[in-house]
Amino acid sequence: MTEPAQPPRQEPDRVDPVDNAGDGDGKGIYWLLKNVVVGPPVKRLFRPKVEGAEHIPDVGPAIIASNHLSYADWIFMPLVVRRRVTFVAKSDYFTGAGLKGRFQRGFFKGTGQVPIDRSGGSASEGAIRAGMKVLERGELFGIYPEGTRSHDGRLYKGRTGVARLALEAKVPVIPCGVIGTDVVAPPGKIVASLAAPTIKFGEPLDFSRYDGMEKDRLILRAVTDEIMYKIMELSGQEYIDMYATKAKTLEGRATTGAPKKVRKTDT
């Protein structure tokens with residue numbers, strides 16, 4: 001007697017981390033870290049100053065677009081905002097194994113981070129998708145338009161992803177200028193000073209006049225430049241009309257004596 005034919009095995013669908021992260025997971029951890037474990041001692045030690053907090057809406061979706069001087073930015077800025085702010089982070093932080101992996105995954109989810117895969121040139125698309133999901137839930141999404149930390153304290157040209165996200169989601173952009181975090185935690189150091197950083201928020205920027213024009217590259221550049229100008233006013237930084245990644249490459253080549261020609265990446 002033969003065995004009955006077995007149906008083909010169904011492979012589980014591949015889960016996209018962007019589609020599942022930041023969906024409310026970790027809110028309890030976020031509250032605990034902000035209000036009990038991390039927030040109170042950080043506030044007592046560093047006494048961060050905040051200006052313009054009234055510009056952040058009590059409810060509803062919005063993008064907070066900030067300059068980026070230090071890894072400490074994502075600690076101090078959300079700390080002075082009453083609502084939870086969600087950022088994107090490398091997907092590697094969410095896929096670790098063992099006890100360390102579980103702790104790391106819980107920490108990054110709990111601190112308002114969602115994963116994106118930064119390989120294969122898909123980082124910007126992943127960030128847009130993640131941001132849209134956060135904004136569709138009526139929450140705050142934090143973004144650093146420069147795309148990386150400033151290596152010399154100056155403000156660099158913004159990537160147009162912030163403009164595309166604002167136009168597609170039809171939400172306001174709140175410019176933010178963070179001052180002094182590079183003194184607290186400069187590159188290569190966890191903490192170097194107990195200086196008090198300042199976080200300034202500007203009035204929400206409304207780009208509804210560009211509805212339906214989110215695919216126009218000139219409009220995206222104009223919106224991004226307007227956001228960066230407001231960030232510059234708040235932070236007081238010198239503005240450089242060049243991407244930070246390109247500036248770092250040029251500086252590195254100048255230091256080593258290598259040719260200064262750099263592949264053009266501007267969009």
S.K.: Which heavy atom in A195 sits nearest to a heavy atom in P197, and how many Å separate them?
M.R.: O-CD, 3.2 Å
S.K.: Which atoms form the tightest heavy-atom contact between A169 and L135, and what is the distance?
M.R.: CB-CD1, 3.7 Å
S.K.: Evaluate whether atom CD of E233 has more than 12 neighbouring non-hydrogen atoms of other residues, nucleotides or ligands under 6.0 angstrom away.
M.R.: yes
S.K.: Could you go through V173 and V223, starting from their C-alpha distance and side-chain angles, then the distance that decides it, and tell me whether this counts as side-chain contact (heavy atoms from CB on, under 4.5 Å)?
M.R.: CA-CA 10 Å; V173 177; V223 169; over 6 Å; no
S.K.: Is there a side-chain contact (heavy atoms from CB on, under 4.5 Å) between I199 and L79? Walk through the geometry before answering.
M.R.: CA-CA 10 Å; I199 301 92; L79 193 60; over 6 Å; no
S.K.: Please round to the nearest 0.5 Å and tell me the distance separating atom OG1 of T224 and atom CD1 of I219.
M.R.: 11.0 Å
S.K.: Mark yes when over 12 heavy atoms from residues, nucleotides or ligands other than Y71 sit less than 6.0 Å from its OH; otherwise mark no.
M.R.: yes
S.K.: For the residue pair D216 and Y210, establish whether any side-chain heavy-atom pair is separated by less than 4.5 Å.
M.R.: no
S.K.: Go through the steps for K230 and E203 under the test side-chain contact (heavy atoms from CB on, under 4.5 Å), then give the verdict.
M.R.: CA-CA 9 Å; K230 293 298 182 180; E203 294 183 5; over 6 Å; no
S.K.: Which heavy atom in I231 sits nearest to a heavy atom in C176, and how many Å separate them?
M.R.: CG2-O, 3.6 Å
S.K.: Starting from the C-alpha separation in whole Å, work towards a yes-or-no answer on side-chain contact (heavy atoms from CB on, under 4.5 Å) for L250 and M242.
M.R.: CA-CA 11 Å; L250 286 172; M242 178 188 298; 3.8 Å; yes
S.K.: What closest approach, in Å, do I174 and G202 show between heavy atoms, and which atom pair accounts for it?
M.R.: CG2-O, 3.6 Å
S.K.: Is V183 reachable from L69 through a run of I, L, V, M, F, W or Y residues, each pair having side-chain heavy atoms under 4.5 Å apart?
M.R.: no
S.K.: Does K189 NZ have over 12 foreign heavy atoms under 6.0 Å away?
M.R.: no
S.K.: Closest approach of L220 and A163, non-hydrogen atoms and distance?
M.R.: O-CB, 3.4 Å
S.K.: Working to the nearest 0.5 Å, report the span between CZ of R47 and CG of L45.
M.R.: 9.0 Å
S.K.: Could you state whether Y239 and I227 fall into the same hydrophobic cluster, counting links through intermediate Ile, Leu, Val, Met, Phe, Trp or Tyr residues with side-chain heavy atoms under 4.5 angstrom apart?
M.R.: yes
S.K.: Restricting to non-hydrogen atoms, name the atom on P41 and the atom on V37 that form the minimum distance, rounded to 0.1 Å.
M.R.: CG-O, 3.2 Å
S.K.: Within a strict 4.5 Å, meaning less than it, do heavy atoms of the F46 and V191 side chains meet?
M.R.: yes
S.K.: Verify the cluster assignment for V38 and V50: are they in a single hydrophobic cluster under the rule of side-chain heavy atoms below 4.5 Å apart?
M.R.: yes
S.K.: In terms of heavy-atom contacts, does CG of L194 have more than 12 from other residues, nucleotides or ligands at under 6.0 Å?
M.R.: yes
S.K.: Are any non-hydrogen side-chain atoms of R83 and P57 less than 4.5 angstrom apart?
M.R.: yes
S.K.: Just wondering, do R217 and T160 contact through their side chains at under 4.5 Å, heavy atoms?
M.R.: no
S.K.: Does the side chain of F76 reach to within under 4.5 Å of the side chain of S70, using non-hydrogen atoms?
M.R.: no
S.K.: Does anything in residues 126-185 pair up under ring pair (Phe, Tyr, Trp, His ring centres under 6.0 Å), and if so which pairs, sequence neighbours excluded?
M.R.: H68-Y144, F87-Y144, H151-Y156
S.K.: Any heavy-atom pair between the side chains of S150 and N67 that's under 4.5 Å?
M.R.: no
S.K.: Side-chain contact test, heavy atoms from C-beta onward, threshold under 4.5 Å: evaluate it for I56 versus R82 and give yes or no.
M.R.: no
S.K.: Any ion pair linking E251 and R154 (charged N to carboxylate O, less than 4.0 Å)?
M.R.: no
S.K.: Check the pair T245 / R159 against side chain to side chain donor-acceptor pair (under 3.5 Å), numbers first and verdict last.
M.R.: CA-CA 11 Å; T245 49; R159 302 280 178 175; 3.0 Å; yes
S.K.: Please determine whether the number of non-hydrogen atoms from other residues, nucleotides or ligands lying under 6.0 Å from atom NZ of K34 exceeds 12.
M.R.: yes
S.K.: Just by distance, do the side chain of R149 and the backbone of E146 share a donor-acceptor pair under 3.5 Å?
M.R.: no
S.K.: Under a 4.5 Å cut-off applied to non-hydrogen side-chain atoms, are T148 and K248 in contact?
M.R.: yes
S.K.: If you measure from the Lys or Arg side-chain nitrogens to the Asp or Glu carboxylate oxygens, is any gap between E125 and R164 under 4.0 Å?
M.R.: yes
S.K.: Can you tell me how far CD1 of I240 sits from NZ of K246, rounded to the nearest 0.5 angstrom?
M.R.: 13.0 Å
S.K.: Would you kindly confirm whether F207 and I63 end up in one hydrophobic cluster when ILVMFWY residues are joined by side chain heavy atoms under 4.5 Å apart?
M.R.: yes
S.K.: Nearest 0.5 Å, please: how far is CG in D225 from CE in M232?
M.R.: 11.0 Å
S.K.: Among the clusters formed by ILVMFWY side chains lying less than 4.5 Å apart, do I75 and I64 turn up in the same one?
M.R.: yes
S.K.: When rounded to the nearest 0.5 angstrom, what is the spacing between OG1 in T86 and NZ in K133?
M.R.: 13.5 Å
S.K.: Taking Q237 for its side chain and G153 for its backbone only, find out whether a donor-acceptor pair lies under 3.5 Å.
M.R.: yes
